[in-house]
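What follows is a set of notes on a single structure, which appears directly below.
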Amino acid sequence: MSENNPDPYAYMADLQDGLTEAEKAEFEQQLSEKNLQLESCSGADTMKRARLQLDIAELLVWLERKEEAWNLARSAFDTSLKNESWQDAVEACNVLYQTEQAASIPALGMGVWLAVTFPVAPELTYAMLDHVVTETPGHSDGAALAAVTTRYVIDLRADDAKHGDWSLLANNLIARVAARHSKVQDQQALDAWMDKLGLRDPQVFLPRLSQVVNAIVGDSWWFDRNKLRDKLPD
């Protein structure tokens with residue numbers, strides 16, 4: 001989870017296509033230990049329990065036990081939302097997306113909405129928006145809106161120590177999306193592309209991203225967005 005691992009993709013860096021027997025054994029051992037902790041954890045709706053569920057769900061994803069992972073991450077999401085722990089709710093959506101179940105795409109959309117709306121860690125918000133880029137056709141404006149929002153969120157939330165590195169990642173994401181969307185290859189063409197699509201003004205691109213999220217989630221919202229907006233910090 002992000003509390004101990006600020007880069008949501010860092011755990012994937014050394015993973016091969018499929019686990020080795022040693023890796024599988026290690027994850028199985030971790031799973032056994034986490035399950036014992038969960039069994040001894042009292043209180044059905046505590047965040048301690050929810051975070052253990054998320055840890056276990058992540059291990060289950062790696063072990064290709066994705067339906068089990070979905071059930072645990074879904075429970076963790078409900079607890080996180082009830083406790084107004086927005087970061088954990090988004091992390092749960094991140095895991096739910098990776099389980100590749102029937103409702104994983106709506107879960108991604110809800111995670112994006114929470115990550116952009118609430119002051120969630122910029123690196124986790126980047127991960128969620130990057131998933132949108134992955135799921136969006138290359139010719140669609142949705143990927144462009146997601147990519148430029150990553151830069152917007154990083155500028156708002158990243159501290160000085162991380163801003164440079166994450167800004168570079170966001171800029172690279174924007175350039176990659178521009179290349180696949182309109183075959184953009186240089187800075188002049190990139191500037192023209194951003195102007196054409198209205199990607200400079202958050203009052204323009206954020207409402208359009210909201211429309212994309214609405215299309216992703218459809219009628220499958222698990223929460224009332226208007227009620228959650230009332231909980232935004234001043």
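In the hydrophobic clustering of ILVMFWY residues, with side-chain heavy atoms under 4.5 Å counting as a link, I216 and W221 come out together. Under the 4.5 Å side-chain heavy-atom criterion for Ile, Leu, Val, Met, Phe, Trp and Tyr, L228 and V116 are members of the same hydrophobic cluster. Cluster annotation: L81 and M47 are assigned to distinct hydrophobic clusters (Ile/Leu/Val/Met/Phe/Trp/Tyr, side-chain heavy-atom contacts under 4.5 Å, transitive). One hydrophobic cluster, built from ILVMFWY side chains closer than 4.5 Å, cannot hold both V112 and V204; they sit in different ones. Cluster membership for L36 and L52, using ILVMFWY side-chain heavy atoms within less than 4.5 angstrom, is not shared.
Here the side chains of L199 and W193 are in contact, with some heavy-atom distance below 4.5 Å. Contact of the V61 side chain with the E58 side chain is not registered, since no non-hydrogen atoms from C-beta on lie closer than 4.5 Å. No side-chain heavy atom of Y152 sits under 4.5 Å from any side-chain heavy atom of T125. Counting heavy atoms from C-beta outward, V153 and Y126 have side chains that stay 4.5 Å or more apart. Side chains of Q101 and E67 form a contact here, defined as non-hydrogen atoms less than 4.5 Å apart. Residues W70 and V95 have side chains not in contact (no heavy-atom distance under 4.5 Å, counting atoms from C-beta outward). Here the side chains of L31 and I56 are in contact, with some heavy-atom distance below 4.5 Å. Side chains of L209 and L129 form a contact here, defined as non-hydrogen atoms less than 4.5 Å apart.
The main-chain N or O of T136 is never found under 3.5 Å from a side-chain atom of S140 such that the two would form a donor-acceptor pair. N94 contributes no side-chain N or O that, together with a main-chain N or O of V90, makes up a donor-acceptor pair within less than 3.5 Å. Judged by distance alone, the side chain of E84 and the main-chain N or O of S80 form no donor-acceptor pair under 3.5 Å. Judged purely by atom type and a 3.5 angstrom limit, S32 has no side-chain atom pairing as donor or acceptor with the backbone of Q29. Side chain of T99 to main chain of L96: a donor-acceptor pair is present (N/O by atom type, distance under 3.5 Å, no hydrogens or angles). Formation of a donor-acceptor pair under 3.5 Å by the R208 side chain with backbone atoms of L145 is not found in this model. In this structure, N83 contributes its side chain and S85 its backbone to no donor-acceptor pair below 3.5 Å.
Summarising the geometry of L19 relative to E23, their closest heavy-atom pair is CA-OE1, 3.5 Å, with the distance given to 0.1 Å. Annotation for V213 and G109: closest pair CG1-O, 3.4 Å, computed over non-hydrogen atoms. Scanning both residues, S220 and P106, for their nearest heavy atoms gives CB-CB, 4.0 Å. Scanning all heavy atoms of the two residues, the minimum distance from R157 to A115 falls at NH1-O, 2.8 Å. Contact between A107 and W222 at its shortest, heavy atoms only, is CB-CH2, 3.9 Å. When all heavy atoms of A170 and T150 are compared, the closest pair comes out as CB-OG1, 3.6 Å.
The structure places CD of E123 at 13.5 Å from CE of M128, a figure rounded to the nearest 0.5 Å. Rounded to the nearest 0.5 Å, atoms NZ (K196) and CE (M194) are 14.5 Å apart. Remark: T79 OG1 to D88 CG distance equals 10.0 Å, nearest 0.5 Å. Going from atom CD1 of I154 over to atom CG of D159 covers 11.5 Å, rounded to the nearest 0.5 Å. The OG atom of S40 lies 10.5 Å from the CG atom of N35; values are rounded to the nearest 0.5 Å.
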Report the C-alpha distance between I174 and L190 in whole Å, list the side-chain angles of each, state the deciding distance to 0.1 Å, and finish with yes or no for side chain to side chain contact (heavy atoms under 4.5 Å, CB included). CA-CA 9 Å; I174 293 169; L190 180 63; 4.2 Å; yes
Kindly determine whether L114 and V120 satisfy side chain to side chain contact (heavy atoms under 4.5 Å, CB included), including the steps that lead there. CA-CA 8 Å; L114 289 167; V120 170; 5.7 Å; no
Checking side chain to side chain contact (heavy atoms under 4.5 Å, CB included) for the pair C93/L108: CA distance, chi angles, key distance, verdict? CA-CA 6 Å; C93 288; L108 169 62; over 6 Å; no
Before giving the answer on side chain to side chain contact (heavy atoms under 4.5 Å, CB included), spell out for T149 and L206 the whole-Å C-alpha distance, their side-chain angles and the decisive distance to 0.1 Å. CA-CA 7 Å; T149 301; L206 288 178; 3.9 Å; yes
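Listed by chain and residue number, D130, V133, L173 satisfy the side-chain contact (heavy atoms from CB on, under 4.5 Å) test with R176 (two or more places apart in sequence, or in another chain). Shown here are the salt bridge (Lys or Arg N to Asp or Glu O under 4.0 Å) partners of E26, two or more places apart in sequence or in another chain: there are none. Taking the salt bridge (Lys or Arg N to Asp or Glu O under 4.0 Å) definition, one finds that D165 meets it with nothing, sequence neighbours left out. Shown here are the side-chain hydrogen bond (donor to acceptor under 3.5 Å, both in side chains) partners of E135, two or more places apart in sequence or in another chain: Y97. Among residues two or more places apart in sequence or in another chain, the side-chain contact (heavy atoms from CB on, under 4.5 Å) test is passed with S75 by Q53. Partners of K82 by side-chain hydrogen bond (donor to acceptor under 3.5 Å, both in side chains), not counting sequence neighbours, listed by chain and number: D45. Annotation: salt bridge (Lys or Arg N to Asp or Glu O under 4.0 Å) contacts of E68 (sequence neighbours excluded): R65. In this view, E100 and K66 satisfy the side-chain contact (heavy atoms from CB on, under 4.5 Å) rule, not counting sequence neighbours. Here D230 pairs with nothing under the salt bridge (Lys or Arg N to Asp or Glu O under 4.0 Å) rule; sequence neighbours left out. Residues satisfying the side-chain hydrogen bond (donor to acceptor under 3.5 Å, both in side chains) test with N171, not counting sequence neighbours, are R151. Legend: residues meeting side-chain contact (heavy atoms from CB on, under 4.5 Å) with P207, ordered by chain and number and at least two apart, are absent.
With salt bridges taken as basic N to acidic carboxylate O contacts below 4.0 Å, none links E91 and R51. Under 4.0 Å is where a charged nitrogen must lie from a carboxylate oxygen, and between R200 and D191 at least one such pair does.
The aromatic rings of W62 and F27 lie tilted to each other, with the angle between the two planes from 30° to 60°. Taking the six-membered ring where the residue is Trp, F118 and W86 present parallel rings, their angle staying beneath 30° rather than reaching 60°.
The stretch residues 209-229 participates, sequence neighbours left out, in no salt bridge (Lys or Arg N to Asp or Glu O under 4.0 Å) pair at all.
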